[in-house]
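The shown structure was predicted, so the numbers you read here are calculated from the model rather than taken from an experiment. Keep in mind that the numbers below use all heavy atoms, side chains included, and drop hydrogens, waters and symmetry copies. Reminder, nothing fancy here: chain letters follow the sequence lines and each chain counts from 1.
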Amino acid sequence: MNYWLVKSEPESFSIDDLKKAPKKTTFWNGVRNYQARNMLRDEMKVGDEVLYYHSNAEPPCIVGLAKVVKEGYPDPTAVDPKSEYFDEKATKDNPRWFMVDLQFVRKFDKPLTLDDLRPIKALAKMELLRKGSRLSVQPVTKAEFEAVLKLVGD
DNA sequence: GCCAACGTTGGC
DNA sequence: GCCAACGTTGGC
């Protein structure tokens with residue numbers, strides 16, 4: 001079992017959007033970064049738990065939990081010329097970009113802001129809190145994941 | 001809206 | 001294969 005954190009701008013797809021989605025599930029398309037792509041394609045497994053983070057929000061915060069319900073498969077928007085995520089170098093035989101399916105698990109009663117997270121010793125090395133961290137899909141250690149849940153009162 | 005910190009692109 | 005220029009992310 002692995003743990004992850006995904007970023008989403010609430011204006012484009014918030015955790016409430018995920019909760020309202022059919023089967024509370026969505027495909028996590030549009031990631032166009034190789035490091036993130038490799039994790040989506042190779043490492044995220046069904047059942048893995050995912051922290052859901054709102055970036056460019058006021059304030060930015062971890063708002064809840066999701067889980068992986070389908071493992072990496074080609075992102076069809078990469079080969080769709082009409083999509084904003086179209087990549088002319090992607091083909092059906094060489095999809096280049098991948099995505100997973102995520103399902104809503106729960107929304108925290110109180111979202112955890114960066115200010116909530118920064119003082120926590122167990123989270124000192126968390127990728128999210130690293131200066132200049134831009135990865136939209138990040139690995140989270142078990143200890144970090146448990147520390148986050150502890151903060152919301154579990 | 002600013003800008004630091006990245007990642008990518010492309011000329012050489 | 002280097003690296004300057006450029007585009008993007010995302011906190012502030």
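- For Y34(A), the ring pair (Phe, Tyr, Trp, His ring centres under 6.0 Å) test picks out W97(A), with sequence neighbours left out.
- Summarising the geometry, the separation between CZ on R96(A) and P on dG7(B) is reported as 16 Å, rounded to the nearest angstrom.
- For Y3(A), the ring pair (Phe, Tyr, Trp, His ring centres under 6.0 Å) partners at least two apart in sequence or on another chain are F145(A).
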Contacts under 3.5 angstrom, residues 61-76 of chain A side chains, donor-acceptor by atom type, not counting sequence neighbours:
{"from": "E71(A)", "atom 1": "OE2", "to": "V46(A)", "atom 2": "N", "distance (Å)": "3.0"}
{"from": "Y73(A)", "atom 1": "OH", "to": "D101(A)", "atom 2": "OD1", "distance (Å)": "2.5"}
{"from": "Y73(A)", "atom 1": "OH", "to": "D101(A)", "atom 2": "OD2", "distance (Å)": "3.4"}
{"from": "D75(A)", "atom 1": "OD1", "to": "T77(A)", "atom 2": "N", "distance (Å)": "2.9"}
{"from": "D75(A)", "atom 1": "OD1", "to": "T77(A)", "atom 2": "OG1", "distance (Å)": "2.6"}
{"from": "D75(A)", "atom 1": "OD2", "to": "G30(A)", "atom 2": "N", "distance (Å)": "2.8"}
{"from": "D75(A)", "atom 1": "OD2", "to": "R32(A)", "atom 2": "NH1", "distance (Å)": "3.0"}
{"from": "D75(A)", "atom 1": "OD2", "to": "R32(A)", "atom 2": "NH2", "distance (Å)": "3.3"}
{"from": "D75(A)", "atom 1": "OD2", "to": "T77(A)", "atom 2": "OG1", "distance (Å)": "3.3"}

For nucleotides 10-12 of chain C, print each protein N/O atom paired with a nucleotide N/O atom at under 3.5 Å, atom names and distance only.
{"from": "dG10(C)", "atom 1": "OP1", "to": "K7(A)", "atom 2": "NZ", "distance (Å)": "2.9"}
{"from": "dG10(C)", "atom 1": "OP1", "to": "R134(A)", "atom 2": "O", "distance (Å)": "3.0"}
{"from": "dG11(C)", "atom 1": "OP1", "to": "Y53(A)", "atom 2": "OH", "distance (Å)": "2.4"}
{"from": "dG11(C)", "atom 1": "OP2", "to": "N56(A)", "atom 2": "N", "distance (Å)": "3.1"}
{"from": "dC12(C)", "atom 1": "OP1", "to": "R118(A)", "atom 2": "NH2", "distance (Å)": "3.3"}

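- Rounded to whole Å, atom C1' of dG7(B) lies 14 Å from atom CG of N38(A).
- Summarising the geometry, the separation between CD on E88(A) and P on dT8(B) is reported as 16 Å, rounded to the nearest angstrom.
- Using a 4.0 Å heavy-atom distance criterion, R32(A) is classed as making no nucleic acid contact.
- We find that CZ of R130(A) is positioned 11 Å from P of dA5(B), with the value rounded to whole Å.
- Remark: C1' of dA5(B) and CG of L129(A) are 16 Å apart, rounded to the nearest angstrom.
- Within the structure, every pair that satisfies the side-chain hydrogen bond (donor to acceptor under 3.5 Å, both in side chains) test and touches residues 114-129 of chain A, not counting sequence neighbours, is listed here: K110(A)-D116(A), T113(A)-D116(A), E127(A)-R130(A), E127(A)-S133(A).
- Rounding to whole angstrom units, CH2 of residue W97(A) and P of dG7(B) are separated by 13 Å.
- Of the side-chain N and O atoms in K131(A), none sit less than 4.0 angstrom from OP1 or OP2 of dA4(B).
- Y52(A) meets the ring pair (Phe, Tyr, Trp, His ring centres under 6.0 Å) test with W28(A), H54(A); sequence neighbours excluded.
- The distance from atom CZ of R37(A) to atom P of dT8(B) is 10 Å, rounded to the nearest whole Å.
- A salt bridge is absent between E146(A) and K150(A): the closest approach of a Lys/Arg side-chain nitrogen to an acidic carboxylate oxygen does not fall below 4.0 angstrom.
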